[in-house]
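If you're wondering where the values come from, they're calculated on a predicted model, not measured in any experiment. Here is how names work: the chains are called A, B, and so on, in the same order as the sequence lines, proteins then strands, and each is numbered from 1.
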Amino acid sequence: MHGPVVAWFAENARDLPWRRPEAGAWGVMVSEFMLQQTPVARVLPVYEEWMRRWPRPADLAAVPPGEAVRAWGRLGYPRRALRLHAAAGAMTERHGGEVPTEHAHLLALPGVGEYTAAAVASFAHGRRQAVLDTNVRRVFARAVVGTRYPPNATTAAERRLARALLPEDEATAARWAAATMELGALVCTARAPRCGVCPISDRCAWRLAGSPEHQGPPRRGQAWAGTDRQVRGRLMAVLRESMEPVRASVLERVWEDSVQRERALRGLLADRLAERLPDGRYRLPGA
DNA sequence: CAGCCGTGGTC
DNA sequence: TGACCAAGGCT
């Protein structure tokens, strides 16, 4: 299936800014952090502004972490901004301000897990790495395994399969990684796959099996309303939008339940997403 | 390792 | 309309 998928990618790949040569490895890394659980459309404007302000890791490392959190805006999971800032610091100190090319070195950076390390090595440096994200896992689950969805958590079997399917040639492997991801993002989508335009629909194991529905336990969605996450989000929105430290009384207005509100605020302080000044006011860290 | 961590668009 | 979903990582 490599031929059809790579050929499809050559014709249908989106022209995304982090895929252009001028993005560099740093641009690829920034995009990968932002794209962790956040759709492309929302990332695009934030990415552009981020790269304009901080074109190299050392530029980001030179500003307080709160500036990164503020620039992160409404992308969600603001701890990613903190980790990207910390990763920039680590690269400035330990890697001469450059994005590492070795998977193991990438993996050692804060906020860089198995997927992101492989993605940066492959997309930024052209390395031969099995890149296993939710898109690729879904494509493999359908095309190879014959199920509608992959397992909830990445399994050893999936890693073996991804390595087995990875082309030997380095450049081809990198294209294959990007192509399978793009196929999952544009065609082999979670809810309504567009099998009519899929380059491998004729050999897709899931289709050949009659497109069976999902078996096993339902995929649990994450609760949101009323959770600490919602409270944290509101608190962070206030801190982000204020260029001055805010008084506690301002934060009190975002949530009725004082017990939950205080717990959420303590959580933000513990996570270093917010800090309390000696005068009792709160702000983004160092900003 | 199951649970936690934001936000907004979609069907 | 609300559940699902979007290029995960960390504990």
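- If you check every strand for non-hydrogen atoms under 4.0 Å, A/Gly113 touches sugar and phosphate atoms only.
- Under 3.5 Å, the side chain of A/Arg229 and the base of B/dC4 form no donor-acceptor pair of N or O atoms.
- Across all strands, A/Leu84 comes closer than 4.0 Å to no nucleic acid atom at all (heavy-atom distances).
- Atom OH in A/Tyr77 sits roughly 14 Å away from atom P in C/dC10 (whole-Å rounding).
- Atom P of nucleotide C/dC5 and atom CZ of A/Arg138 are separated by 9 Å, given to the nearest angstrom.
- Closest-nucleotide positions on DNA chain C for A/Glu32 and A/Arg83 were compared, and the one nearer the 5' end corresponds to A/Glu32.
- Closest to the side chain of A/Arg240, out of B/dG6, C/dA7, B/dT7, is B/dT7.
- Per the geometry, CD belonging to A/Gln230 stands 13 Å off C1' belonging to B/dG8, to the nearest Å.
- Summarising the geometry of A/Leu208 relative to A/Asp202, their closest heavy-atom pair is CD2-O, 4.0 Å, with the distance given to 0.1 Å.
- Atom CH2 of residue A/Trp18 and atom CE of residue A/Met51 lie 11.5 Å apart, to the nearest 0.5 angstrom.
- Among the protein residues, A/Thr227 comes within range of no part of the nucleic acid, since none of its heavy atoms lies under 4.0 Å from any strand.
- The separation between A/Leu269 atom CG and B/dC5 atom P is 15 Å, rounded to whole Å.
- Between the base of C/dA7 and the side chain of A/Arg14 there is a donor-acceptor pair shorter than 3.5 Å.
- Listed nucleotides: B/dT7, C/dG9, B/dG8. Nearest to the side chain of A/Arg74: B/dG8.
- Distances were taken from every side-chain heavy atom of A/Arg79 (C-beta onward) to each of C/dC5, C/dA7, B/dC5; the shortest belongs to B/dC5.
- Defined by atom type and a distance below 3.5 Å, a donor-acceptor pair is present between the side-chain atoms of A/Asp228 and A/Gln260.
- A/Tyr149 comes within 4.0 angstrom of sugar-phosphate atoms only, judged by non-hydrogen atoms across all strands, and of no base.
- In this structure, CZ of A/Arg234 is placed 12 Å from P of B/dG8, rounded to the nearest angstrom.
- For the pairing with A/Glu158, the salt bridge (Lys or Arg N to Asp or Glu O under 4.0 Å) check across A/Arg138, A/Arg163, A/Arg137 returns one residue only, A/Arg137.
- Look at CZ on A/Arg272: it is 17 Å from C1' on C/dC10, rounded to the nearest Å.
- Proximity note for A/Asp228 (side chain, C-beta onward) versus C/dG8, B/dC5, B/dC11: the nearest is B/dC5.
- Nucleotides of DNA chain B nearest to A/Arg191 and A/Gly76 differ in position, and the one nearer the 5' end is that of A/Gly76.
- When the P atom is used for both C/dG9 and B/dG8, the distance is 23 Å, rounded to whole Å.
- Between the side chain of A/Thr38 and the base of B/dG6 there is at least one donor-acceptor pair of N/O atoms closer than 3.5 Å.
- Which of C/dG9, B/dG6, C/dC5 sits closest to the side chain of A/Gln37 comes down to B/dG6.
- The residue A/Arg42 sits close to a base: some heavy atom pair falls under 4.0 Å.
- A gap of 23 Å separates the P atoms of B/dG3 and B/dT7, to the nearest Å.
- Scanning all heavy atoms of the two residues, the minimum distance from A/Trp54 to A/Ala68 falls at CH2-CA, 4.1 Å.
- With both ends at atom C1', the span from C/dC5 to C/dT1 equals 16 Å, rounded to whole Å.
- Using modelled atom types, no side-chain atom of A/Arg53 and backbone atom of A/Glu48 make a donor-acceptor pair closer than 3.5 Å.
- Comparing atom distances between the A/Ala185 side chain and each of B/dT7, C/dA7, C/dC5 picks out C/dA7 as nearest.
- One interatomic measurement links the two molecules: CD of A/Glu114 to C1' of C/dT11, which rounds to 17 Å at whole-angstrom precision.
- Nucleic acid contact class of A/Trp18 (heavy atoms, under 4.0 Å, all strands): base.
- B/dG6 and B/dT10 have their P atoms separated by 23 Å, given to the nearest Å.
- Counting any heavy atom pair closer than 4.0 Å across all strands shown, A/Ala190 reaches sugar-phosphate atoms only and no base atom.
- Under the side-chain contact (heavy atoms from CB on, under 4.5 Å) rule, A/Arg232 has a single partner from A/Leu265, A/Val254, A/Asp271, which is A/Asp271.
- Going from atom CG of A/Asn152 over to atom C1' of B/dC4 covers 15 Å, rounded to whole Å.
- A distance of about 11 Å separates the C1' atoms of C/dC10 and B/dC1, rounded to the whole Å.
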